[in-house]
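Down below is the structure, laid out as structure tokens.
All residue numbers refer to positions in the sequence shown, counting from 1.
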Amino acid sequence: MDDQIYLPGSGLLAEVDISALKKDGDIATFEFEDRLGVPKEGFVVLHKGEFYAYENRCPHWSVPITDRNELFHDNIGLIICPLHGATFEMNSGTCISGPCEGDALVSMRVEKAKNLVSVYAKGLKFM
């Protein structure tokens with residue numbers, strides 16, 4: 001169950017063609033604007049038949065996680081920051097080792113339809 005509450009401003013960010021994503025770790029990058037209108041980049045990644053979307057930014061130093069075409073990852077479902085080696089779970093974006101351990105990539109909500117994934121900003125999380 002998603003623990004987010006969706007509020008105004010948590011709308012559609014991008015529609016991404018996923019037809020080329022065939023194996024675990026394959027990605028498609030996309031551009032979007034955040035809630036303040038600042039241009040940003042994100043990526044959709046395929047992992048175990050599911051699609052996940054994240055902002056293309058490591059929480060440690062705000063450097064890109066991808067080089068636009070490749071995701072640095074291993075074969076067991078971990079995303080690796082190319083600068084300092086921070087390691088993130090593919091399905092949650094949580095950093096499990098490295099300089100930002102316990103932090104997470106900024107995740108986005110996805111909805112799949114045929115060869116497209118619609119990417120949405122997540123709402124605010126209430127505890």
Side-chain angles (χ1 to χ4, degrees):
M1 178 78 185
D2 194 345
D3 60 355
Q4 304 290 320
I5 297 175
Y6 301 103
L7 299 174
S10 60
L12 180 67
L13 297 175
E15 289 189 325
V16 182
D17 180 359
I18 55 167
S19 60
L21 307 186
K22 304 293 183 195
K23 64 184 187 319
D24 281 359
D26 283 352
I27 65 164
T29 58
F30 62 93
E31 295 180 1
F32 69 98
E33 288 185 357
D34 70 10
R35 292 179 183 165
L36 300 175
V38 176
K40 301 217 172 168
E41 184 179 76
F43 65 92
V44 173
V45 60
L46 174 62
H47 179 63
K48 294 186 178 179
E50 299 291 328
F51 293 93
Y52 302 93
Y54 299 104
E55 183 177 333
N56 190 11
R57 181 185 58 81
C58 179
H60 178 225
W61 271 9
S62 295
V63 298
I65 292 290
T66 75
D67 71 356
R68 293 185 67 72
N69 297 314
E70 257 185 80
L71 180 67
F72 295 93
H73 67 93
D74 60 18
N75 292 327
I76 60 170
L78 298 174
I79 299 168
I80 302 166
C81 176
L83 186 60
H84 290 116
T87 305
F88 303 87
E89 293 178 331
M90 190 85 69
N91 62 342
S92 70
T94 301
C95 183
I96 58 171
S97 70
C100 52
E101 188 171 351
D103 208 341
L105 300 173
V106 174
S107 64
M108 299 169 206
R109 186 169 57 96
V110 298
E111 292 180 6
K112 182 180 179 291
K114 296 188 182 182
N115 287 330
L116 287 178
V117 164
S118 297
V119 180
Y120 297 87
K122 281 199 170 178
L124 299 176
K125 182 176 182 179
F126 293 93
M127 304 207 170

In Å and rounded to the nearest 0.5 Å, what is the CG to CD1 distance from Asn56 to Ile27? 7.0 Å
Give a yes or no answer on whether the side chain of Lys40 reaches the backbone of Gly37 with a donor-acceptor pair at less than 3.5 Å. no
Same apolar cluster (I L V M F W Y, side chains within < 4.5 Å links), Leu46/Met108: yes
Minimal heavy-atom distance between Glu89 and Leu78, with the atoms involved, is CA-CD2, 4.0 Å
Is it true that Met90 and Val44 fall in one hydrophobic cluster, defined by side-chain heavy atoms closer than 4.5 Å? no
Taking the side chain as C-beta and beyond, is there a heavy-atom pair between Cys81 and Trp61 under 4.5 Å? no
Inter-residue atom distance Leu83.CG - His60.NE2, 0.5 Å rounding: 8.0 Å
State, yes or no, whether a side-chain contact exists between Phe51 and Val16 at a heavy-atom distance under 4.5 Å. no
Treat each ILVMFWY residue as a node, draw an edge where side-chain heavy atoms are under 4.5 Å apart, and state whether Leu13 and Val110 are in one component. yes
Restricting to non-hydrogen atoms, name the atom on Phe30 and the atom on Phe43 that form the minimum distance, rounded to 0.1 Å. CE2-N, 3.4 Å
Between Leu105 and Pro59, is any pair of side-chain heavy atoms under 4.5 Å apart? yes
Which heavy atom of Glu31 sits nearest to which heavy atom of Ala14, and what is that distance? O-CB, 4.2 Å
Taking all non-hydrogen atoms of both residues into account, name the closest pair between Ser62 and Arg57 and its distance. CA-CG, 3.4 Å
Once you round to the nearest 0.5 Å, how far does CD of Glu111 lie from CG of Leu116? 12.0 Å
Give the minimum heavy-atom separation between Arg109 and Lys122, together with the two atoms involved. N-CG, 3.8 Å
CZ of Phe88 to SG of Cys95, rounded to nearest 0.5 Å, is 4.5 Å
Heavy-atom donor-acceptor pair, Asn115 side chain to Asp17 backbone, under 3.5 Å: no
Can you check whether Lys112 reaches Ile18 side chain to side chain, under 4.5 Å on heavy atoms? yes
State, with a plain yes or no, whether a side-chain heavy atom of Thr66 is found less than 4.5 Å away from one of Val45. no
Audit row: Ile65, Tyr54, side chain to side chain contact (heavy atoms under 4.5 Å, CB included) steps and yes/no: CA-CA 10 Å; Ile65 292 290; Tyr54 299 104; over 6 Å; no
About how many Å separate NZ of Lys23 and CG of Leu21, when rounded to the nearest 0.5 Å? 9.5 Å
Can you confirm whether Phe32 sits close enough to Glu55 that some side-chain heavy atom of one is under 4.5 Å from a side-chain heavy atom of the other? yes
